[in-house]
J.: 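Structure below; questions to follow.
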Number of protein chains: 2
Amino acid sequence: MDQTKGLRKHRANATTNKVKADLIAVVVAVNEIGPCVLTIAKGPALPSGPFELAHRSLQSGLRAWVELQTGQPLGYIEQLYTFADRDRIDANERVISISYLALTRQEDAGASGQPSWASWYDYFPWEDHRSGTPRMMLEELRPRLLEWAGNADDGATRFDRQRRAAVAFGFDDRPWNEDLTLQRYELLYEAALVEEATGDPNAAPTASASGKAMVADHRRILATGIARLRSKIKYRPVVFELMRPTFTLLQLQRAVEALAGRLINKPNFRRLVEQQELVEETGETSLDTGGRPAKLYRFRHAVLDERAAAGTKLPVMRP
Amino acid sequence: MDQTKGLRKHRANATTNKVKADLIAVVVAVNEIGPCVLTIAKGPALPSGPFELAHRSLQSGLRAWVELQTGQPLGYIEQLYTFADRDRIDANERVISISYLALTRQEDAGASGQPSWASWYDYFPWEDHRSGTPRMMLEELRPRLLEWAGNADDGATRFDRQRRAAVAFGFDDRPWNEDLTLQRYELLYEAALVEEATGDPNAAPTASASGKAMVADHRRILATGIARLRSKIKYRPVVFELMRPTFTLLQLQRAVEALAGRLINKPNFRRLVEQQELVEETGETSLDTGGRPAKLYRFRHAVLDERAAAGTKLPVMRP
DNA sequence: CCGTTTATATTCCGCTTGAGAATAAGGCGG
DNA sequence: CCGCCTTATTCTCAAGCGGAATATAAACGG
């Protein structure tokens, strides 16, 4: 097989192997309730639509679909993942899905459309550790995962499944890692503990003990978005895309806690924010906190240019 | 505009908006010379080919094309980015490119094919800081970037361009950040200091003072791959995909240095590797080091399961 | 005026990290 | 055989950072 053959084939098939490209969005906002995801009113599904000739770019196509389906304008957008749907392998049609994470403020919604927001913990109840480890995780998920591990044929697989579950969920005194949202969902899928894994893929999704289901693989895409966001807030100032123009430090902390799904040490969080110079005082204070008034801050947009988030962990030598 | 209309449109256009999907690979290996990228022999281009109906998945399609064009089997693969080619907007054809990063060992090459490897610093000479800051960066790039900044219409833009160049390249006593490979290339592109930005996109690329050019946007994709790899080696043990089964700690360090493009403090690097338990001794030693024999190590594959690379940087509370 | 509530500031300690020096174990030439 | 050169391996030490708890400030309501 020489490579000339490969190149010839490349050209010959150029016109026959077309695919349909779908754009799909995980749109996140934070309100009093907590972290929310934008769904289309028709059902438990993420906004999506095909990439069309009229779209100037992938992102503008996504913006158009989301705004058309929900009336919500998008701010920050970043690509998540592209995959070829395995469920839809027809003889002559292939579908590619390009998923995105978008951050927005809920009040940005325009007049048109009827955005419907849902707490993302409705879909992943085991992901919220702000009030301690969720009961259902220890009382339902854990025994069912152990049962699944025990069902394996050979001992090696049993041991492996147990270890994977323990790492993902923090069993056996392992630490909880909020970034592993996707691995956890995939593990539950593999163990057939989420509805999508068992039922007819075309059946209407319902709520179950292990969280609300969504159509097709939308819940998996949502898990990807949550995982990406949870790890990203640690090294990039993206939280501010979700905040109002001015805010108190506690409001900022609550937003981060809502996303991360766990509580944060207050003084240390303030120290972190201040020494990174992420915010500046507006000079005003907020009285509706109940106690002493809190200073209001705004995001220092300059940090987006100034710093490039120096990478860590490699003991490089200084010149 | 209600959403019903959006959904109707969705269905109606489902069959008319097909696109061609290209798979494109940044295949990396490390040899005595340094970090290498796999190119097709026909010219300065990355291996690529269309996603076809016959391919079981995007990744398997990529594997097939790379092996067909270069004879190189691929190990580790991860997705980089998906984009719609702006250069090729015909009336009726849209092309989507899905790019991948692949890691392999050079000796893994089979009999067929004729892989051609090139040091990636041939394409990005300003990225190699292992022997100090490259001359060409300070003597050629810097003055030309400053000139470009000075050419801006208004003072604000001039200042902004200068700052961006300083952040990306570490001018004015700012630290060098090896992870910014993509930003640096994009800046040079914007300043028209790389050949792809100026010449006819269909002209044959040549070498210039600012590194070898590649066809279309392949050099940009390569920059994306380098940036991803440089940041990934800091929190995931992917270097081992590029190493021989057994190696000395200095060989491992040299590989990381080749990728990162900068030197590493030896004792601290050893401490890092050991305390993370990434490797285990084979019991043998290597005599061909010139001085005292070095212990040989192998990668502890178990770490891939054990640890999930705990995220840092958020002052979470412990229960 | 005092207690309650929340915001903000300060302190302390242990661990990691950056940087350099010291020691070990081969080969080689005299 | 001995001293020297080269590279490998280990040790030390101080500065900085992160985790946790405590102390002070400013509003409100009785």
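Predicted, not measured: the structure shown is a model, and the values here were computed from it. Basis for what follows: all heavy atoms, side chains included, without hydrogens, waters or symmetry-related copies. Per chain, numbering begins at 1; letters A, B, ... match sequence-line order.
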J.: Between A:Ser210 and A:Glu140, do the side chains contain an N or O donor and an N or O acceptor separated by less than 3.5 Å?
T.: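 Checked: A:Ser210/A:Glu140 side chains show no N/O donor-acceptor pair below 3.5 Å.
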J.: Check nucleotides 1-6 of chain C against the protein and report each pair of N or O atoms closer than 3.5 Å, with its distance, or say if there are none.
T.:
from, atom 1, to, atom 2, distance (Å)
C:dT6, O2, A:Arg292, N, 3.2

J.: Ring-plane angle category for A:Phe240 and A:Phe299, please: parallel below 30°, perpendicular beyond 60°, tilted otherwise.
T.: parallel
J.: Would you kindly compare B:Thr248 and B:Asn268 by the position of their nearest DNA chain D nucleotide and give the one closer to the 5′ end?
T.: B:Thr248
J.: Going by the salt bridge (Lys or Arg N to Asp or Glu O under 4.0 Å) test, name the single residue among B:Glu284, B:Glu280, B:Glu281 that passes it with B:Arg298.
T.: B:Glu280
J.: For A:Arg163 and A:Phe171, run side-chain contact (heavy atoms from CB on, under 4.5 Å): C-alpha distance rounded to whole Å, both residues' side-chain angles, the deciding distance at 0.1 Å, then the answer.
T.: CA-CA 9 Å; A:Arg163 193 188 32 66; A:Phe171 299 145; over 6 Å; no
J.: Write down the distance between CG (B:Asn265) and P (C:dG20), rounded to a whole number of angstrom.
T.: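 To the nearest whole Å, that distance equals 8 Å.
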J.: Calculate the interatomic distance between A:Ile264 atom CD1 and D:dG18 atom P; express it in whole Å.
T.: 14 Å
J.: What's the verdict on side-chain hydrogen bond (donor to acceptor under 3.5 Å, both in side chains) for A:Tyr76 and A:Glu78, showing C-alpha distance, side-chain angles and the deciding distance?
T.: CA-CA 7 Å; A:Tyr76 176 91; A:Glu78 86 174 51; 2.4 Å; yes
J.: What is the distance, rounded to the nearest whole Å, between atom CG of B:Leu287 and atom P of D:dA8?
T.: 12 Å
J.: Of B:Arg262, B:Lys234, B:Arg230, which is the lone residue that meets salt bridge (Lys or Arg N to Asp or Glu O under 4.0 Å) with B:Asp179?
T.: B:Lys234
J.: Taking side chain to side chain contact (heavy atoms under 4.5 Å, CB included) as the definition, give me every residue that meets it alongside A:Asp172, ordered by chain and number, with sequence neighbours left out.
T.: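 A:Asp172 satisfies side chain to side chain contact (heavy atoms under 4.5 Å, CB included) with A:Arg142, A:Ala166 only.
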J.: For DNA chain D, determine which residues of residues 269-284 of chain A have any heavy atom closer than 4.0 angstrom to one of its atoms, and list them numerically.
T.: A:Arg271, A:Gln275
J.: Report the relative orientation of the aromatic rings in B:Trp176 and B:His129; use parallel for angles under 30°, tilted for 30 to 60°, perpendicular for over 60°.
T.: parallel
